[in-house]
Amino acid sequence: MPTLINGKATSEKIKTEIAQRVSEIKTEGGKIPHLAAILVGSDGASQTYVGAKVKSCEQVGFESTLVRLEETVSEEELLKVVEDINQNPDIDGLIVQLPLPKHISVVKVTDKIKPEKDVDGFTPANVGRMTLGWPAYVAATPYGIVELLKRYNIETSGKHCVVIGRSHIVGSPMSILMARNDNPGNCTVTLTHSRTKNLPEIAKTADILIVALGKPEFVSADMVKEGAVVIDVGIHRIEDASKKSGFRLIGDVKFDEVAAKASAITPVPGGVGPMTIASLLYNTLLAAEGKIYVK
Ligand code: NAD
């Protein structure tokens, strides 16, 4: 049986650690971390994600502010809201839930967020700092994966890590983090994407396989080396009449057959997903304590 990398339990542990630090801050009379989230429109999935983030803030004792804007808000108005939060000394971290409506430029909005408050780690300043190995807010999902590898003592040094998917929020930063001179890190990394030739053959050479392409159950057992560590980032809802909710969640990996070959694997749900919010909270704590950018 492979080691089941339990992101749910690990994220709860991290939240407990953060809550502990918040009570120390309260005792010391310090500043309680405060996260602001901007939600534009009424997309169901975005509302669920933002709701979960705000609820987690309450769970660890943070303050939170949710700014809801109509789908029709202009780009200029949204930029003004971002700027107001940038200038508000009480707010430590700011996230703008994506996707944004088509008439708003994600580039302009991301570029407007003050790097010191960019706890999603999406601004050029933080991506650049991460790439240089400087203190930075690292994007929540890759950061959560690094934390799982660390807490499960998975040896990464000298290993071949294959990342499938090169998005700016998962695959690309993941490849940089796994190649850096640090622990976890020091891997030889192959970053693969939709134009990669012979993907199954490349995937099969991975000691650590990180899958983030967004295709349900894409990775089958014949693409995985015996004893590999497999991290499944994908999340897909599929209809399932046997469930009360009418659906169940699956990942980018065929879990049962790949688990039979892997030495360690993340499940879906309960693997990478819960770590994303834990990382966001951790980044917000770092922001409040001035640990990345000296205040
Ligand atoms: P994306 O669509 O932005 O990027 C997908 C990447 O996969 C692209 O770089 C593309 O080149 C590559 N790709 C597509 N088809 C491919 C193929 N056939 N072979 C090789 N590469 C291929 O996706 P994303 O935002 O990185 O998300 C990926 C998955 O992870 C999605 O299922 C998403 O829901 C999930 N996700 C989960 C979390 C979490 O918290 N667990 C966070 C972010 C994303």
Side-chain angles (χ1 to χ4, degrees), residues 1-7 10 127 130-133 138-236 249-273 275-276 279:
M1 274 298 284
T3 301
L4 198 65
I5 302 177
N6 189 335
T10 309
V127 176
M130 176 202 67
T131 307
L132 289 167
V138 176
T141 303
Y143 195 27
I145 294 169
V146 166
E147 202 56 31
L148 280 177
L149 295 172
K150 192 192 281 177
R151 289 181 185 237
Y152 275 82
N153 288 318
I154 289 173
E155 181 61 73
T156 59
S157 179
K159 305 286 182 185
H160 182 207
C161 175
V162 174
V163 180
I164 307 182
R166 61 177 162 191
S167 74
H168 294 318
I169 62 165
V170 189
S172 176
M174 202 63 239
S175 68
I176 292 165
L177 292 168
M178 295 306 283
R180 71 191 172 159
N181 185 2
D182 204 342
N183 180 35
N186 283 316
C187 284
T188 303
V189 177
T190 304
L191 178 60
T192 67
H193 45 78
S194 53
R195 303 288 179 95
T196 298
K197 292 199 169 77
N198 307 325
L199 180 63
E201 287 85 340
I202 296 169
K204 210 169 174 171
T205 64
D207 302 307
I208 301 169
L209 182 62
I210 301 178
V211 190
L213 78 161
K215 296 214 157 57
E217 297 189 330
F218 179 88
V219 170
S220 48
D222 57 343
M223 293 168 70
V224 177
K225 181 159 87 176
E226 196 74 47
V229 173
V230 180
I231 306 291
D232 187 355
V233 187
I235 308 178
H236 313 275
L249 296 176
I250 59 167
D252 283 356
V253 172
K254 286 195 171 90
F255 183 82
D256 290 342
E257 61 177 65
V258 171
K261 276 180 112 175
S263 61
I265 187 166
T266 58
V268 178
V272 173
M275 291 299 290
T276 300
S279 305

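Judged by distance alone, the side chain of E155 and the main-chain N or O of S157 form a donor-acceptor pair under 3.5 Å. In this structure a side-chain-to-backbone donor-acceptor pair under 3.5 Å is present from S263 to G227. Listed for the T192 side chain is a donor-acceptor partner under 3.5 Å among the backbone atoms of V163. Between the side chain of Y152 and the backbone N or O of N6, at least one donor-acceptor pair lies under 3.5 Å. A donor-acceptor pair under 3.5 Å links the side-chain atoms of D232 to the main chain of G234, judged by distance alone. Side chain of K261 to backbone of E226: no donor-acceptor contact under 3.5 angstrom is found.
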Quick one: do V189 and M174 satisfy side chain to side chain contact (heavy atoms under 4.5 Å, CB included)? Show the steps, please. CA-CA 10 Å; V189 177; M174 202 63 239; over 6 Å; no
Take I210 and V162 through the side chain to side chain contact (heavy atoms under 4.5 Å, CB included) test and state the conclusion after the steps. CA-CA 6 Å; I210 301 178; V162 174; over 6 Å; no
Stepwise side chain to side chain contact (heavy atoms under 4.5 Å, CB included) check, T156 with N186: CA-CA 7 Å; T156 59; N186 283 316; 5.5 Å; no
Test side chain to side chain contact (heavy atoms under 4.5 Å, CB included) on I164 and L199; report intermediate values, then the result. CA-CA 9 Å; I164 307 182; L199 180 63; 4.1 Å; yes
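Between V224 and K204, the closest side-chain pair of non-hydrogen atoms is not below 4.5 Å. Inter-residue side-chain proximity for R166 and S194 is flagged as met; some heavy-atom pair is nearer than 4.5 Å. Counting heavy atoms from C-beta outward, S279 and E147 have side chains that stay 4.5 Å or more apart. Inter-residue side-chain proximity for T131 and R180 is flagged as unmet; no heavy-atom pair is nearer than 4.5 Å. In this structure, the side chains of I169 and T141 stay at 4.5 Å or more apart for every pair of heavy atoms. Looking at heavy atoms from C-beta onward, M275 lies in side-chain contact with T10 at the 4.5 angstrom threshold.
Of all heavy-atom pairs between G171 and L191, the closest is O-CD1, 3.9 Å. Between P184 and L149, the shortest heavy-atom distance links the atoms CG-CB, 4.0 Å. The heavy-atom pair separating P2 from A264 by the smallest distance is CB-N, 4.0 Å. Closest heavy-atom contact between A262 and V230: CB-CG2, 4.1 Å. Across every non-hydrogen atom of L148 and G271, the tightest pair is CD1-O, 4.2 Å. Nearest heavy-atom pair across A203 and L209 is CB-CD1, 4.1 Å.
The local environment of NE2 in H168 is sparse, with at most 12 non-hydrogen atoms from other residues, nucleotides or ligands closer than 6.0 Å.
No side-chain donor-acceptor contact under 3.5 Å links T188 and H160.
Test I265, I154, V253, T266 against I231 for side-chain contact (heavy atoms from CB on, under 4.5 Å) and you get one pass: T266. If you run side-chain contact (heavy atoms from CB on, under 4.5 Å) between I145 and each of I208, V233, L177, only V233 comes through.
Applying the side chain to side chain contact (heavy atoms under 4.5 Å, CB included) rule to K215 yields the partners L213, F218; only residues at least two apart in sequence or on another chain are considered. For K225, the side-chain hydrogen bond (donor to acceptor under 3.5 Å, both in side chains) test picks out D207, with sequence neighbours left out.
Atom CG of L249 sits about 10.0 Å away from atom NE2 of H236, to the nearest 0.5 Å.
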